[in-house]
Amino acid sequence: MKILVCISHVPDTTSKINFTEGDTKFDTNGVQFVINPNDEFGLTRAMWFKEKQGATVDVVNVGGPETEPTLRKALAIGADSAIRVNTEPTDGFVVAKQLAKVVQDGGYDLVIAGRESIDYNGGMVPGMLARLNNANFVNTCIGLEVEGTAVTAVREIDGGKETVTTSFPLVIGGQKGLVEESDLRIPNMRGIMMARKKPLTVLEPVEASAETASVKFEKPAPKGAVTLIDPDNVEELVNLLHNEAKVI
């Protein structure tokens, strides 16, 4: 079984986020980047298949040279090789197009992607990737077992979970549940040393046009912030509270 794990390079959730150029650009200064948590669950599950069933595991990222430390961490966790597509991930469609070419050229049976990244939370790449490659697709996947060419997956649905059977080629949008947080792996010294010798291939991108663009960013209101009421609307607010909400 040949597995490709998609790795997003995302800000650590403890980082302080700022924007520049009139809130139109994300400021990366001083920000610590990590493997996207949903991708890390998928990588850990892929390592289980490698150790139990002899699968080969590659990791891939769409991004510039700044993402390579994140790929090296994935290699230190145990992936066999890494691929970086050398282009800016401007939107989900561009990313999916780049990944689709890697999947086609690599002949992967199983592609494990996180259901969404924690930065832009688009949640679109796994589904588009499956469509571009004519592969089966299971989203919000919280369980995955493989027996030969038969695959059993469990996915989260409203109010519960659903078990489905499918086959390769397969793309999943994974999340917590593929493994538990206690199963996540921290690279040890041996893994870090071995990662330096593992191949990291840089590919040039295929042509793809972005279908969406970020126009402006806005921070959420700080906790405890008070919304001021326009004095001209106080009478209307009192009327609504009294007559509709029945506040006396």
Chemist: Do you know which of Ile83, Val5, Val103 makes side chain to side chain contact (heavy atoms under 4.5 Å, CB included) with Val60?
Modeler: Ile83
Chemist: Can you tell me which residue pairs pass the side-chain hydrogen bond (donor to acceptor under 3.5 Å, both in side chains) test with a partner in residues 131-144, sequence neighbours excluded?
Modeler: Asn136-Thr166
Chemist: What I'd like to find out is whether the side chain of Pro11 reaches to under 4.5 Å of the side chain of Gln32, using heavy atoms alone.
Modeler: no
Chemist: Knowing that exactly one of Lys50, Lys2, Lys198 qualifies, which makes a side-chain hydrogen bond (donor to acceptor under 3.5 Å, both in side chains) with Asp80?
Modeler: Lys50
Chemist: Can you tell me how far apart OG1 (Thr56) and CE (Met1) are? Round to the nearest 0.5 Å.
Modeler: 8.5 Å
Chemist: Run the side chain to side chain contact (heavy atoms under 4.5 Å, CB included) test on Thr149 and Ser167 for me, step by step, so that the C-alpha distance in whole Å, both residues' side-chain angles and the decisive distance to 0.1 Å come before the verdict.
Modeler: CA-CA 6 Å; Thr149 58; Ser167 59; 5.7 Å; no
Chemist: Is a side-chain donor or acceptor of Asn38 paired with a backbone partner of Ser117 at a separation under 3.5 angstrom?
Modeler: no
Chemist: Run Cys6 and Ile112 through side chain to side chain contact (heavy atoms under 4.5 Å, CB included) and show every step you take.
Modeler: CA-CA 6 Å; Cys6 304; Ile112 301 177; over 6 Å; no
Chemist: Could you state the interatomic distance from CD (Glu204) to CD (Gln98), rounded to the nearest 0.5 Å?
Modeler: 10.0 Å
Chemist: Determine, stepwise, if the pair Val138 / Leu170 fulfils side chain to side chain contact (heavy atoms under 4.5 Å, CB included).
Modeler: CA-CA 8 Å; Val138 178; Leu170 173 65; 4.1 Å; yes
Chemist: Should the heavy atoms of other residues, nucleotides or ligands under 6.0 Å from CD1 of Ile186 be counted, would the total exceed 12?
Modeler: no
Chemist: Going by heavy atoms in the side chains, are Ile3 and Asp109 under 4.5 Å from each other?
Modeler: no
Chemist: Would you name the heavy atoms of Asp39 and Gly114 that are closest together and state the gap between them?
Modeler: OD1-N, 2.8 Å
Chemist: Please report the interatomic distance CE(Met124) to CD(Glu116), rounded to the nearest 0.5 Å.
Modeler: 10.5 Å
Chemist: Using every non-hydrogen atom in the two residues, find where Val206 and Lys101 come nearest and quote the distance to one decimal.
Modeler: CG1-CG, 3.7 Å
Chemist: Less than 4.5 Å apart, any side-chain heavy atom of Val102 and any of Val85?
Modeler: yes
Chemist: Are Arg84 and Thr201 side-chain neighbours, meaning at least one heavy-atom pair lies under 4.5 Å?
Modeler: no
Chemist: In the single-linkage hydrophobic clustering (I, L, V, M, F, W, Y; side-chain heavy atoms under 4.5 Å), do Val171 and Val62 co-cluster?
Modeler: yes
Chemist: What is the minimum heavy-atom distance between Leu144 and Val151, and which atoms define it?
Modeler: CD1-CG1, 3.6 Å
Chemist: Honestly, is Arg45 close enough over Phe41, meaning NZ or CZ under 6.0 Å from the six-membered ring centre and within 45° of the axis?
Modeler: no
Chemist: Report the relative orientation of the aromatic rings in Phe217 and Tyr120; use parallel for angles under 30°, tilted for 30 to 60°, perpendicular for over 60°.
Modeler: tilted
Chemist: Evaluate the side chain to side chain contact (heavy atoms under 4.5 Å, CB included) criterion for residues Glu162 and Val154: first the C-alpha distance (whole Å), next the side-chain angles of each, then the deciding distance (0.1 Å), finally the verdict.
Modeler: CA-CA 6 Å; Glu162 178 184 37; Val154 182; over 6 Å; no
Chemist: Ignoring hydrogens, what is the shortest heavy-atom contact between Phe33 and Phe26? Give both atom names and the distance.
Modeler: CZ-CE2, 4.0 Å
Chemist: Would you say that Leu184 contacts Val179 through its side chain, given a criterion of any heavy-atom pair below 4.5 Å between the two side chains?
Modeler: yes
Chemist: State, to 0.1 Å, how close Asn86 and Pro65 come at their nearest heavy-atom pair, and which atoms those are.
Modeler: OD1-CD, 4.3 Å
Chemist: Take atom NZ of Lys219 as the centre, draw a 6.0 Å sphere, and report whether it contains more than 12 heavy atoms from other residues, nucleotides or ligands.
Modeler: yes
Chemist: Membership question, hydrophobic clusters at under 4.5 Å side-chain separation (ILVMFWY): are Met194 and Met47 in the same one?
Modeler: no
Chemist: For residues Val94 and Leu132: do they belong to one hydrophobic cluster (side chain heavy atoms under 4.5 Å, members Ile, Leu, Val, Met, Phe, Trp, Tyr)?
Modeler: no
Chemist: Identify the two heavy atoms, one from Pro199 and one from Leu75, that lie closest to each other, and give their separation to 0.1 Å.
Modeler: O-CD1, 4.3 Å
Chemist: Side-chain heavy atoms nearer than 4.5 Å, only ILVMFWY residues, links allowed to pass through others: does that put Val31 and Val34 together?
Modeler: no
Chemist: So does Glu66 have more than 12 non-hydrogen atoms from other groups sitting under 6.0 Å from CD?
Modeler: yes
Chemist: Quick one, Leu110 and Phe168 - any side-chain contact, counting heavy atoms below 4.5 Å?
Modeler: yes
Chemist: If you group Ile, Leu, Val, Met, Phe, Trp and Tyr by side-chain heavy-atom gaps below 4.5 Å, do Leu71 and Leu4 land in one group?
Modeler: no
Chemist: Is the closest side-chain donor-acceptor distance between Asp183 and Thr44 under 3.5 Å?
Modeler: no
Chemist: Rounded to the nearest 0.5 Å, what separates atom CZ in Arg196 from atom CZ in Arg72?
Modeler: 9.5 Å
Chemist: Could you tell me the separation between the CD1 atom of Ile17 and the CG atom of Asp119, rounded to the nearest 0.5 Å?
Modeler: 9.0 Å
Chemist: To the nearest 0.5 Å, what is the distance between CZ on Phe137 and CZ on Arg155?
Modeler: 9.5 Å
Chemist: Side chains of Leu178 and Cys141: closer than 4.5 Å at any heavy-atom pair?
Modeler: yes
Chemist: With a 3.5 Å distance limit and no angle check, can you tell me whether Asn61 reaches the backbone of Ser8 through a side-chain donor-acceptor pair?
Modeler: no
Chemist: Would you call Leu43 and Val59 a side-chain contact if the rule is heavy atoms closer than 4.5 Å?
Modeler: yes
Chemist: Please name all residues satisfying side-chain contact (heavy atoms from CB on, under 4.5 Å) with Thr212, sequence neighbours left out, ordered by chain then number.
Modeler: Asp91
